[in-house]
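Since the model is a prediction, treat every value here as computed from it, not as a measurement.
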Amino acid sequence: MYTIKLMNEYLHGPIWVYDEEGLIRRKYPLIDNDDELQQLNEQARNLYDSFYSFNEDDSACVFDEDGYKAAYEEMIGIIKKIVHKLQMINNNDFVIEDYITKD
């Protein structure tokens with residue numbers, strides 16, 4: 001059984017797909033072919049990435065913790081939509097582990 005982990009990381013949307021052996025899968029048709037999930041994943045990625053800034057030569061990165069806290073409810077709303085959509089399309093093919101809302 002696959003595992004869908006929801007985790008924020010820079011330059012990657014929150015949807016992470018792991019196979020039965022615990023390896024990350026880049027392609028998973030159930031997720032990849034769902035336009036709504038792709039849109040929500042991109043929306044969450046853009047929001048999360050917006051909290052990072054770099055100096056001119058990209059040698060230093062700063063995470064805006066206050067900005068993240070201010071947008072936390074918005075992020076939670078997106079993640080809850082992702083979870084709801086995953087639950088709708090799941091035919092007992094995967095389990096969901098939400099590390100963002102902790103639900």
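- Lys81 NZ: 12 or fewer foreign heavy atoms inside a 6.0 Å radius.
- Scanning for salt bridge (Lys or Arg N to Asp or Glu O under 4.0 Å) contacts around Asp34 gives Lys85, with sequence neighbours left out.
- For the atom pair CG (Leu86) and CG (Asp93), the distance works out to 11.5 Å, reported to the nearest 0.5 Å.
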List the steps and the verdict of side-chain contact (heavy atoms from CB on, under 4.5 Å) for Val17 and Lys5.
-> CA-CA 6 Å; Val17 180; Lys5 295 183 181 183; over 6 Å; no
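- Between the CD1 atom in Ile4 and the CG atom in Asn90 there is a gap of 8.0 Å [rounded to 0.5 Å].
- Within the structure, no pair that satisfies the side-chain hydrogen bond (donor to acceptor under 3.5 Å, both in side chains) test touches residues 60-76, not counting sequence neighbours.
- Pairs engaging residues 17-30 under the salt bridge (charged side-chain N to carboxylate O under 4.0 Å, His left out) rule: Asp19-Arg25 [sequence neighbours left out].
- Partners of Tyr28 by ring pair (Phe, Tyr, Trp, His ring centres under 6.0 Å), not counting sequence neighbours, listed by chain and number: Tyr2.
- Val95 and Ile79 end up in different hydrophobic clusters when Ile, Leu, Val, Met, Phe, Trp and Tyr side chains are linked at under 4.5 Å.
- Remark: Gln39 engages no residue in a side chain to side chain contact (heavy atoms under 4.5 Å, CB included) (not counting sequence neighbours).
- Pairs of residues two or more places apart, or lying in two chains, never qualify as ring-ring contact (aromatic ring centres under 6.0 Å, His included) while including a residue from residues 78-99.
- Here Tyr18 pairs with nothing under the side-chain hydrogen bond (donor to acceptor under 3.5 Å, both in side chains) rule; sequence neighbours left out.
- The aromatic rings of Phe51 and Phe63 lie perpendicular to each other, with more than 60° between the two planes, well past the 30° mark.
- Under a hydrophobic-cluster definition in which Ile, Leu, Val, Met, Phe, Trp and Tyr are linked whenever side-chain heavy atoms come within less than 4.5 Å, directly or via other members, Leu11 and Ile82 are assigned to the same cluster.
- Asp49 meets the side-chain hydrogen bond (donor to acceptor under 3.5 Å, both in side chains) test with Arg45; sequence neighbours excluded.
- Looking at every heavy atom in both residues, Ile89 comes nearest to Ile31 through CD1-CD1, 4.5 Å.
- Separation of atoms CG (Asp98) and NZ (Lys80) is listed at 9.0 Å; rounding is to 0.5 Å.
- For Glu9, the salt bridge (Lys or Arg N to Asp or Glu O under 4.0 Å) test picks out no residue, with sequence neighbours left out.
- Contacts of Asn55 classified as side-chain hydrogen bond (donor to acceptor under 3.5 Å, both in side chains), with partners at least two apart in sequence or in another chain: Asp57, Ser59.
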